[in-house]
Amino acid sequence: QVQLVESGGGLVQPGGSLRLSCAGSGFIFRSYAMNWYRRTPGKERELVASITATGGSTTYADSVKGRFTISRDNAKNTVYLQMNSLKPEDTAVYCCNVRIRYSSYWGQGTQVTISS
């Protein structure tokens, strides 16, 4: 059974940093690309960042480029999202995602709130 468990969210001031983690189990973690999405009420879900199975290539939404960094540790079955220079508009529930064959799996999400 595929499971994704996120952690690391919280409340930070604008300009601050957070590191999110997503631990995967129930699948061969090192074989699959991983994604971070975020969702905000009233907005479409946004793909924030992706990383290939080996970690050799990453992509980012324009809105986070230069501020967020996705990485992974295949020995720990974990993908990370380092978020710097946070802005109020980064406030959202952040979810990790993996696509395996024709299915898409999601974690429960972790709330990130940027506010002074």
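Everything numeric here is computed off the predicted structure, so don't read it as measured data.
Judged as a side chain to side chain donor-acceptor pair (under 3.5 Å), and not counting sequence neighbours, the contacts of Thr113 are Gln111.
Note on Leu86 and Tyr60: same hydrophobic cluster, where clusters join Ile, Leu, Val, Met, Phe, Trp and Tyr whose side-chain heavy atoms are under 4.5 Å apart, directly or indirectly. Under the 4.5 Å side-chain contact rule for hydrophobic residues, Val79 and Val2 share a cluster. Side-chain heavy atoms closer than 4.5 Å link hydrophobic residues (I, L, V, M, F, W, Y) into clusters, and following such links, even through other members, never connects Val48 to Tyr80.
Annotation: the span from Lys65 atom NZ to Thr58 atom OG1 amounts to 10.0 Å, rounded to 0.5 Å. In this structure, CD1 in Ile70 is found 7.5 Å from OG1 in Thr59, a value given to the nearest 0.5 Å. How far CG of Asp62 is from CD of Glu46: 9.5 Å, rounded to the nearest 0.5 Å. Arg67 contributes atom CZ, which lies 12.0 Å from atom CD of Gln82 (distance to the nearest 0.5 angstrom). Separating the CE atom in Met34 from the CG atom in Asn77 is a distance of 9.5 Å, to the nearest 0.5 Å.
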Verdict with supporting geometry, Phe29 and Lys76, side chain to side chain contact (heavy atoms under 4.5 Å, CB included) = CA-CA 9 Å; Phe29 186 86; Lys76 295 182 178 179; over 6 Å; no
query = Which is it for Ser21 and Glu6 under the side chain to side chain donor-acceptor pair (under 3.5 Å) test, yes or no, and what are the steps along the way?
reply = CA-CA 5 Å; Ser21 300; Glu6 302 96 336; over 6 Å; no
ask   = Does the side chain to side chain contact (heavy atoms under 4.5 Å, CB included) test come out yes or no for Cys22 and Trp36, once each step is laid out?
value = CA-CA 9 Å; Cys22 171; Trp36 281 101; 3.7 Å; yes
inquiry  = Working note: Thr91 + Thr40, criterion side chain to side chain contact (heavy atoms under 4.5 Å, CB included); need CA distance, chi angles, decisive distance, verdict.
reply    = CA-CA 7 Å; Thr91 295; Thr40 307; over 6 Å; no
request  = In sequence, state the C-alpha distance, the side-chain angles, and the governing distance for Glu44 and Arg39, and then conclude on side chain to side chain contact (heavy atoms under 4.5 Å, CB included).
outcome  = CA-CA 7 Å; Glu44 286 198 15; Arg39 62 176 191 266; over 6 Å; no
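Judged by distance alone, with hydrogens and angles left aside, the side-chain atoms of Arg30 form no donor-acceptor pair with the main-chain N or O of Asp73 at under 3.5 Å. Side-chain atoms of Arg72 come within 3.5 Å of backbone N or O of Thr52 as a donor-acceptor pair. Looking only at distances, no side-chain donor or acceptor of Thr110 sits under 3.5 Å from a matching main-chain atom of Ser7. Checking side-chain atoms of Asn74 against main-chain N and O of Ala53 turns up a donor-acceptor pair under 3.5 Å.
Residues Leu81 and Phe68 form a side-chain contact, since some pair of their non-hydrogen atoms from C-beta on lies under 4.5 Å apart. Between Leu4 and Phe27, the closest side-chain pair of non-hydrogen atoms falls below 4.5 Å. Within the 4.5 Å cutoff, no side-chain heavy atoms of Ser17 are placed close to those of Met83. Side-chain atoms of Leu11 and Ser115, non-hydrogen and from C-beta on, do get closer than 4.5 Å to each other.
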Show me, pair by pair, the donor-acceptor contacts under 3.5 angstrom made by side chains of residues 92-99, not counting sequence neighbours?
from: Tyr94; atom 1: OH; to: Arg38; atom 2: NH1; distance (Å): 2.9
from: Tyr94; atom 1: OH; to: Asp90; atom 2: O; distance (Å): 2.6
from: Asn97; atom 1: OD1; to: Asn35; atom 2: ND2; distance (Å): 2.8
from: Asn97; atom 1: ND2; to: Ser104; atom 2: OG; distance (Å): 2.7
from: Asn97; atom 1: ND2; to: Tyr105; atom 2: O; distance (Å): 3.1
from: Arg99; atom 1: NH2; to: Tyr37; atom 2: OH; distance (Å): 2.4

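Taking a 6.0 Å sphere around CD1 of Ile28, one finds it holds 12 or fewer heavy atoms contributed by other residues, nucleotides or ligands.
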